[in-house]
Amino acid sequence: MTQNLLVRTQKTPLRGTITVPGDKSISHRAVMLAAIAEGTSIIRDWLPAGDTLATLTAVQQLGVQVEIDQKSPLAWDLQIEGRGLHGLQPPTQPLDCRNAGTFMRLMAGILAGQTFPSVLDGSYQLRKRPMRRIMDPLAQMGAKISSNSGFAPMHIEPTQLNGFEFQMTIASAQVKSAVLLAGLYAEGTTRVIEIGPSRDHTERMLAAMGVDITWQDNWVEMRGKRPLQPLDMAVPGDPSSAAFPIVAATIVPHSEITVTNVGINATRTGILDMLRGMGATFSLLNERVSGGEPVADIAVRFSELHSHTINGSVVVRGIDELPVLAVAATQAVGETAVSDAAELRVKEVDRIGVLAGELKKLGVAISERPDGFTVTGPSRLYAAEVDSHDDHRLGMSLAVAGLATHGLTLVHDAACMADSFPGFVETMQSLGANMELIES
Ligand code: S3P
């Protein structure tokens, strides 16, 4: 049985106020770090999505006790009994990361510092994603990790780690975080120099847990070997999930929506800046700090969009949102060119090649380049059958595109949307979106 999504032309405005589920990056990190803290952590509004459930199951396999209050299908409260830096139990089988690249790469940093061997494995998709980017710097810290020619499964052997200075060559918060988490177990100082700022959730959380860590725009320095204090936090709504209803409201005429309680950490708001560059306007209301992260309610309305050139640091700050940005570009006047985004090619799927292939089926004028794409708009979109390729963000981007097509769009393989955004369809329906899940 597969789930497909039927999307009809959106002839009425999207209206209403919604919340989106918790931030995926923060939910992964909160569970992993709470597992190695001293004492009981409380994590509210945690994201129960496919990817983060892999993390939760895996820490339980490492002997961590978790009490779960499933207060809603979209937000759980967790109470996690931390076992300290050295209290995890050896797993009896490989840890299954499913589709979660963030979990696999970050957990490799923690497991590299343990006194027992472990294996990290994942889905067929995750087995195709590059792991040398973390294996190489971790090896420089002394880690012993073998792999299938740079791909999962990764076999990790116990060893003593040492801090070092790591000059990054790609912009990746996952790589930075893997090194920082290994740094918790390392002798001396661990220093990471980035080629540009990437999301800093690991740094913020480690600081909140009492780790000796300092960071600025493109460097971070920490000292390990100290116990972590437990967390008491609420996870803010994921700006990467909010991007889908936001783009939908921007392109469906007369729409006006508010997404409440969204994380607006400056390392994550690239999508808002890119859309502003295309003529969209937002109001950020009720700005506050929650769980050590800046949060706001985002009000957005339909805008006439124009093209924009997207490159440089905004790309890292909105890397996961570029597929849905491409959908906004289909409705913008002119050529929207995205470059410096070669990382898109090594996400859940090749998010340049596959995106271009699927959008072309809807009549979008999109051309690929090695590190990005160009969309020429505005396009009259024609209904077609498209495929998520088992990639949550591609599936949801195609669903948003479907609202602007003439006729009936069928998005094949929609179940993957719950990897990051459980309740995506219901949330969009609550705004009046013309979409429904069908089983076949
Ligand atoms: C993430 C970092 C990004 C992002 C991914 C989540 C994280 O990946 O694309 O969805 O939580 O650190 P990279 O670090 O590989 O760019």
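First listed ligand is number 1; within each ligand, the first listed atom is number 1. All values below were derived from every heavy atom in this structure, side-chain atoms included, with hydrogens, water molecules and symmetry-related copies excluded.
- If you number the atoms of ligand 1 from 1 as listed, the ones under 4.0 Å from a heavy atom of D320 come out as 4 (C), 5 (C), 9 (O), 10 (O).
- Every pair tested for side chain to side chain donor-acceptor pair (under 3.5 Å) that includes a residue from residues 136-162 fails, sequence neighbours excluded, so the list is empty.
- The atoms of ligand 1 that sit less than 4.0 Å from any heavy atom of A173 are 12 (O), 14 (O).
- Using cut-offs of 30° and 60° for the angle between ring planes, the W76 and W46 rings count as tilted.
- Residue D340 comes nearest to D371 through the heavy atom pair N-OD2, 2.9 Å, listed as atom of the first residue, atom of the second, then distance.
- Counting only heavy atoms of the protein, atom 1 (C) of ligand 1 lies nearest to Q174 NE2, 3.6 Å.
- Using a 4.0 Å cut-off between heavy atoms, R199 contacts ligand 1 through its side chain alone, with no backbone atom that close.
- Between F164 and F166, the angle of the ring planes stays under 30°, which puts this pair in the parallel group of the 30/60° scheme.
- The contact set between ligand 1 and I319, taken as ligand atoms under 4.0 Å from a residue heavy atom, comprises 9 (O).
- Remark: ligand 1 atoms within the under-4.0 Å shell around heavy atoms of K347 are 3 (C), 4 (C), 8 (O), 9 (O), 13 (P), 15 (O), 16 (O).
- The closest approach between R29 and ligand 1 falls below 4.0 Å for a heavy atom of the residue.
- Looking only at distances, a side-chain donor or acceptor of Q114 sits under 3.5 Å from a matching main-chain atom of I110.
- Considering every non-hydrogen atom in both A299 and T258, the closest pair reads CB-OG1, 3.8 Å.
- Short contacts between ligand 1 and T102, defined as distances under 4.0 Å to a heavy atom of the residue, involve ligand atoms 1 (C), 6 (C), 7 (C), 11 (O).
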